[in-house]
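Just so we're on the same page: letters track the sequence lines, and every chain starts at 1.
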Amino acid sequence: NAGVMQNPRHLVRRRGQEARLRCSPMKGHSHVYWYRQLPEEGLKFMVYLQKENIIDESGMPKERFSAEFPKEGPSILRIQQVVRGDSAAYFCASSPSGSNEQFFGPGTRLTVL
Amino acid sequence: DAKTTQPTSMDCAEGRAANLPCNHSTISGNEYVYWYRQIHSQGPQYIIHGLKNNETNEMASLIITEDRKSSTLILPHATLRDTAVYYCIVRVLGTGGFKTIFGAGTRLFVKA
């Protein structure tokens with residue numbers, strides 16, 4: 001059983017461009033979480049999704065950020081019009097239904113030039 | 001979720017036991033203590049969790065005080081590869097999912 005997969009592992013964007021980060025949860029997991037980690041800081045919760053539904057987006061910035069977890073395919077974290085402050089590592093975690101044990105992916109490191 | 005307090009950093013000699021403390025004085029009766037670690041640039045890795053009894057697995061032991069207001073993660077024979085940031089988290093174990101609130105953690109340095 002493959003672990004949580006994230007791609008790309010590294011993403012470079014210029015200011016104003018869009019960033020799309022993908023997360024494929026572990027097989028059989030229907031819950032996905034996104035976290036952001038700024039340099040030298042701990043992980044900060046962003047959003048929690050189940051298939052086709054956003055359950056908790058209390059950690060998402062109000063503008064430019066959106067997330068989805070469609071019925072088919074990976075979860076997508078989308079950042080529009082990126083700014084330098086968006087540079088961070090973005091981690092995805094998944095868990096099966098009925099458990100809150102979370103398995104983390106390797107992260108996507110976003111650099112905004 | 002209850003707040004946790006951990007030392008900012010600790011050192012440990014290779015081969016010795018590493019004892020990482022965590023205070024969670026406001027923990028509720030139904031909240032579990034979880035430990036994760038994050039090795040440089042990698043995703044957090046689950047280590048162990050417990051409610052009130054001491055727990056042991058192949059990675060570590062978890063000692064929870066009788067009043068549950070604090071706990072200690074023990075790595076019995078630390079290696080250089082155990083150098084990482086260790087996060088102590090308390091949360092309710094329930095159905096569905098819950099966001100995990102990570103604090104600053106303890107940066108453990110294992111030295112040869």
Side-chain angles (χ1 to χ4, degrees), chain A residues 3-7 9-10 21 23-26 29-51 53-60 67 69 75 88-111, chain B residues 1-10 20 22 24 27-28 30-51 55 57-60 62 83-109:
Chain A
V4 177
M5 300 179 69
Q6 291 187 248
N7 69 82
R9 295 292 306 277
H10 300 274
L21 288 63
C23 169
S24 296
M26 291 179 68
H29 287 193
S30 57
H31 302 250
V32 166
Y33 310 77
W34 285 94
Y35 296 82
R36 176 166 63 176
Q37 186 173 34
L38 296 171
E40 303 303 318
E41 294 187 13
L43 283 80
K44 304 296 184 188
F45 168 80
M46 298 182 73
V47 62
Y48 159 45
L49 309 100
Q50 294 182 23
K51 282 288 187 180
N53 290 303
I54 296 174
I55 306 301
D56 182 348
E57 56 181 347
S58 58
M60 285 277 274
F69 187 18
S75 175
Y90 292 82
F91 291 97
C92 167
S94 72
S95 70
S97 181
S99 167
N100 68 352
E101 189 48 62
Q102 296 177 13
F103 299 84
F104 284 82
T108 293
R109 275 146 194 84
L110 172 66
T111 301
Chain B
D1 293 336
K3 179 180 170 59
T4 63
T5 304
Q6 299 177 251
T8 303
S9 65
M10 294 181 64
L20 291 87
C22 179
H24 31 79
I27 192 170
S28 301
N30 60 347
E31 286 184 312
Y32 283 68
V33 179
Y34 279 76
W35 283 83
Y36 285 81
R37 73 179 181 184
Q38 187 176 23
I39 296 172
H40 181 63
S41 298
Q42 299 181 21
Q45 176 189 22
Y46 165 83
I47 301 173
I48 198 167
H49 75 280
L51 181 63
E55 302 288 344
N57 62 22
E58 65 278 5
M59 290 183 67
L62 175 60
T83 292
V85 178
Y86 288 77
Y87 297 99
C88 170
I89 296 153
V90 293
R91 67 178 183 217
V92 175
L93 180 66
T95 58
F98 293 86
K99 63 189 180 186
T100 300
I101 307 298
F102 287 86
T106 294
R107 191 172 294 272
L108 176 67
F109 296 95

Worksheet item: Tell me, side chain or backbone of B:Q38 under 4.5 Å from chain A's heavy atoms, or both, or neither?
Response: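 For B:Q38, the contact with chain A is made by the side chain alone.
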Worksheet item: If you take all heavy atoms of B:Y87 and A:G42, which pair is closest and at what distance?
Response: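 Between these two residues, the closest heavy atoms are OH-CA, 3.8 Å.
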Practice prompt. Would you mind checking which part of A:S58 comes under 4.5 Å of any heavy atom in chain B, side chain (CB onward), backbone (N, CA, C, O), both or neither?
Written response: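 The answer is the side chain of A:S58.
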Discussion item. If I measure from the heavy atoms of chain B, does A:E40 come under 4.5 Å with its side chain, its backbone, both, or neither?
Written reply: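 Just its side chain gets close to chain B.
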Worksheet entry | side chain to side chain contact (heavy atoms under 4.5 Å, CB included) assessment of B:Y46 paired with A:F104 | CA-CA 9 Å; B:Y46 165 83; A:F104 284 82; over 6 Å; no
Discussion item. What I'd like to find out is whether the side chain of A:R109 reaches to under 4.5 Å of the side chain of B:S41, using heavy atoms alone.
Written reply: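 Yes - at least one pair of side-chain heavy atoms lies under 4.5 Å apart.
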Practice prompt. Can you establish whether the number of heavy atoms outside A:M60 located under 6.0 Å from its atom CE is more than 12?
Written response: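 Above 12, so yes.
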Worksheet item: For the residue pair B:F102 and A:Y35, is the inter-centroid distance of their aromatic rings smaller than 6.0 Å?
Response: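 Yes, the ring centres sit under 6.0 Å apart.
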